[in-house]
**Student:** 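One structure, pasted below without further comment.
All chains are named by letter (A, B, ...) in the order of the sequence lines, taking the proteins before the strands, and each is independently numbered beginning at 1.
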Number of protein chains: 2
Amino acid sequence: MANDDKRPLTLRDVSEASGVSEMTVSRVLRNRGDVSAATRERVLQAAKRLGYVPNKIAGALASSRVNLVAVIIPSLRNMVFPEVMSGISAVLEQTDLQPVVGVTDYLPDKEERVLYEMLSWRPSGVIIAGLEHSEASRAMLRAAGIPVVEIMDVDGTPVDAMVGVSHRRAGREMARAILKAGYRQIGFIGTKMPLDYRARKRFEGFTEALAKGGVEIVDQEFYSGGSALAKGRELTKVMLERHPELDFIYYSNDMIGAGGLLYLLDKGYDVPGQIGLAGFNGVELLDGLPRKLASMDACRVEIGETAARIIASRVAGDTEDVQNIVELTPTIAYGDTLKR
Amino acid sequence: MANDDKRPLTLRDVSEASGVSEMTVSRVLRNRGDVSAATRERVLQAAKRLGYVPNKIAGALASSRVNLVAVIIPSLRNMVFPEVMSGISAVLEQTDLQPVVGVTDYLPDKEERVLYEMLSWRPSGVIIAGLEHSEASRAMLRAAGIPVVEIMDVDGTPVDAMVGVSHRRAGREMARAILKAGYRQIGFIGTKMPLDYRARKRFEGFTEALAKGGVEIVDQEFYSGGSALAKGRELTKVMLERHPELDFIYYSNDMIGAGGLLYLLDKGYDVPGQIGLAGFNGVELLDGLPRKLASMDACRVEIGETAARIIASRVAGDTEDVQNIVELTPTIAYGDTLKR
DNA sequence: CTGAAAGCGCTAACAC
DNA sequence: GTGTTAGCGCTTTCAG
């Protein structure tokens, strides 16, 4: 820790302190090429003593190699994405790649800016949520010349690779399960997010399959902001006051669903006899509820893992045996709120 | 989109395409210095047409300026940190600084590696959770020569600046409120995380203040892994079977507390008459519960904002009017589970 | 096994 | 307003 002025240490400082050429110091610090154990030791000592931290900026410029993977997601507050992140991290940790997160807040404009910003650091790959992007964003992704994996959704055409579930199908399957269980007076409660394409696709698939069964949604309600749990309570109450005949409510995510469930249990409803419920995502949270909400696993961790694996293989040059389009299949968890 | 080979575009490409010198192109793209409207337009056109994305690596090396702020946190899955992140983002968005997140999983070793990795990109500042770091980490932070803000906690000595709450004090205050309400048979349920220093400090402050009131904890239980809500249920049950005389349970966080609350309500306990409960954090989730859990706000967003503001000011060179040690004061929310 | 030279793509600091 | 010249701190490449 002898560096008392503010100039950051350079390879040259280590070189001088150890009496070894910069080039050899560089080799030691990167574990590249053969270096005698003796010099290696001297270099390591010197580097440690000085507290040298390599400058990756210079390294990246010289080698045109950047071990960063840009991960672009809409939000960190929706539990879904941290879980995808853990899948990504878990896989990348076994390589020398590192995830770097950018958040778009579901805004296409911001997505464009964040993407631009990240690409300007020349990452080795991009993992980005969703298939809907501005034309400029798609152009950037194509032009970047690096592997790009679009995640979460497979209902659309990717720029390069994609890993996810079909939300349209998820909506359809839930609708079928609900009809099969005999429910007919069905309501829907979701987030008011015109830009949450995946929620929208679920909704579309849902109504489509209901229609095929000759059933139409009785009522629907969209909310924005606030605690999802509280909103679930509130909107469930409102909707049931308006339509006491409802015998099922489908929620666009588990948190509002859980709110609805708590409300109904409070009020002494017979769930799932009198009224059935289902959400989407299969969040861990549900395990602690008095009754387990029916849901559908969105394969979050697996999506992250698969996407990371695709990036890692492509960066490593494995061009074969890399599946570029991976559709994962969510399964219905009936829980205790949906009759079989 | 004329770049069909894989070589990324450079300033030179834009320069040639527009017939303007590289230097002037650079000036236009950075909005620096005076450039005539005409050339500016030509450059912008060319850049856009080619789909040029600047290379920040080269830019950073040449200017030795990196607009990145390293944010190092233990986890993204604990709601607390995404909230701190939004505080940070909200403030940094008004500057040209950008947060970059690194996750340590509460492991000092990993913290060290992540820190090293991030510092090697020469960020303009560091925001790091906690005051406890390996000696090597502290040395790196000191040697980096950039503003460093340690967040969440103020019970200790920072390397540079710190923003947070006193967890020891938080624990003490909760203990006092509990005693004042007349509870005497008190249990504690927390996470089994030897490395969660803040939870430990709360626990220490808690037992200390109880002791001062002549009360000792009747029972305690630590868990790890699994759904916090489910664990809260389970451990509450276990503890009450062992000690039916308990009249209060203090939980190390709101999620397990919520699990306990749901369990007790299920079983028909009179909360807070027969038994009182409190958690920590004041998470939004609580708003949707049948009864509002007593808690203590950890000032998460505000911590993020303040830390970001400190970094931003220091980077901008405002050396004055920057408070380097900021203690925020959490307040008790009595909710419906703690008698006054 | 080690070193010297030549850039990587950009910007600071000067010219003009 | 615009261009020129040197690097930034590393790694690549090629000699020894």
Side-chain angles (χ1 to χ4, degrees), chain A residues 3 6-44 46-47 50 52-68 96 117 119-124 144-145, chain B residues 3 6-44 46-47 50-67 96 117 119-124 144-145:
Chain A
N3 176 36
K6 24 231 54 211
R7 179 181 61 77
L9 292 163
T10 69
L11 214 42
R12 167 178 232 115
D13 294 307
V14 182
S15 164
E16 283 169 1
S18 63
V20 175
S21 78
E22 282 187 48
M23 197 50 236
T24 300
V25 172
S26 166
R27 281 196 267 255
V28 170
L29 264 21
R30 284 175 303 143
N31 280 312
R32 269 245 214 284
D34 294 324
V35 179
S36 76
T39 31
R40 155 178 230 78
E41 209 35 52
R42 281 207 300 171
V43 169
L44 256 18
L50 297 175
Y52 172 69
V53 175
N55 184 332
K56 287 224 177 194
I57 296 174
L61 183 60
S63 65
S64 48
R65 243 192 297 280
V66 178
N67 68 338
L68 265 22
D96 64 346
E117 195 70 23
L119 288 180
S120 71
W121 286 100
R122 301 291 187 262
S124 293
Chain B
N3 176 36
K6 24 232 53 212
R7 179 181 59 78
L9 293 163
T10 68
L11 259 192
R12 167 177 232 114
D13 295 307
V14 181
S15 165
E16 283 169 1
S18 64
V20 175
S21 80
E22 283 187 46
M23 195 54 232
T24 300
V25 172
S26 166
R27 280 195 267 254
V28 171
L29 264 22
R30 285 178 301 144
N31 280 313
R32 266 237 217 287
D34 294 324
V35 179
S36 75
T39 30
R40 156 178 230 78
E41 210 33 54
R42 282 207 301 172
V43 169
L44 256 18
L50 297 175
Y52 172 69
V53 176
N55 185 331
K56 287 223 178 197
I57 297 174
L61 183 59
S63 65
S64 49
R65 243 193 300 280
V66 179
N67 67 338
D96 63 346
E117 195 71 23
L119 287 180
S120 70
W121 287 100
R122 301 288 188 263
S124 292

**Student:** Between protein and nucleotides 13-16 of chain C, what N or O pairs are separated by less than 3.5 Å?
**Tutor:**
none

**Student:** Mind calculating the distance between CG (B/Leu9) and C1' (C/dC10) to the nearest angstrom?
**Tutor:** 15 Å
**Student:** Looking for any heavy atom pair under 4.0 Å, which part of the strands does B/Asn55 touch: base, sugar-phosphate only, or nothing?
**Tutor:** sugar-phosphate
**Student:** Check the distance between C/dC10's P and B/Leu29's CG and give it to me in whole angstrom.
**Tutor:** 9 Å
**Student:** So, is A/Thr39 near the phosphate of C/dT2, with a side-chain N or O under 4.0 Å from OP1 or OP2?
**Tutor:** yes
**Student:** In sequence, state the C-alpha distance, the side-chain angles, and the governing distance for A/Leu29 and A/Val43, and then conclude on side-chain contact (heavy atoms from CB on, under 4.5 Å).
**Tutor:** CA-CA 8 Å; A/Leu29 264 21; A/Val43 169; 4.1 Å; yes
**Student:** Just do the side-chain contact (heavy atoms from CB on, under 4.5 Å) check on B/Val28 and B/Thr39 with the steps written out, would you?
**Tutor:** CA-CA 9 Å; B/Val28 171; B/Thr39 30; 5.7 Å; no
**Student:** Calculate the interatomic distance between B/Arg12 atom CZ and C/dG7 atom C1'; express it in whole Å.
**Tutor:** 13 Å
**Student:** If a pair satisfies salt bridge (charged side-chain N to carboxylate O under 4.0 Å, His left out) and one of its residues is in residues 34-44 of chain A, list it, with sequence neighbours excluded.
**Tutor:** none
**Student:** Test A/Thr24 against A/Arg27 for side-chain contact (heavy atoms from CB on, under 4.5 Å), laying out the working first.
**Tutor:** CA-CA 5 Å; A/Thr24 300; A/Arg27 281 196 267 255; 4.1 Å; yes
**Student:** Sub-3.5 Å donor-acceptor pair from the side chain of B/Ser124 to the main-chain atoms of B/Val66, do we have one?
**Tutor:** yes
**Student:** Measure CD/A/Glu22 against C1'/C/dG7 and give the value in whole Å, please.
**Tutor:** 14 Å
**Student:** Measure from the side-chain N and O atoms of A/Ser15 to the backbone N and O of A/Leu11, and report whether any donor-acceptor pair falls under 3.5 Å.
**Tutor:** no
**Student:** To check you understand the geometry: which heavy-atom pair defines the closest contact between A/Val25 and A/Val20, and what is its length?
**Tutor:** CG2-O, 3.9 Å
**Student:** Reading DNA chain D from 5' to 3', where do the contacts with chain B start and stop? Cut-off is 4.0 Å to heavy atoms.
**Tutor:** D/dG1 to D/dG9
**Student:** Test of understanding: with salt bridge (charged side-chain N to carboxylate O under 4.0 Å, His left out), list the residues that count as partners of B/Arg65, not counting sequence neighbours.
**Tutor:** none
**Student:** Is any side-chain nitrogen or oxygen of B/Ser26 closer than 4.0 Å to OP1 or OP2 of C/dT11?
**Tutor:** yes
**Student:** Please report the closest heavy-atom contact between A/Asp13 and A/Pro8, naming both atoms and the distance.
**Tutor:** OD2-O, 4.3 Å
**Student:** Looking only at non-hydrogen atoms, find the nearest pair between A/Tyr52 and A/Thr10 and report the distance.
**Tutor:** CE1-C, 3.5 Å
**Student:** What residues from residues 59-67 of chain B pass a heavy-atom cutoff of under 4.0 Å to DNA chain D?
**Tutor:** B/Leu61, B/Ala62
**Student:** Take the C1' atoms of the five end pairs on each side of the helix from C/dC1-D/dG16 to C/dC16-D/dG1, get both axes, and report the angle to 10 degrees.
**Tutor:** 30°
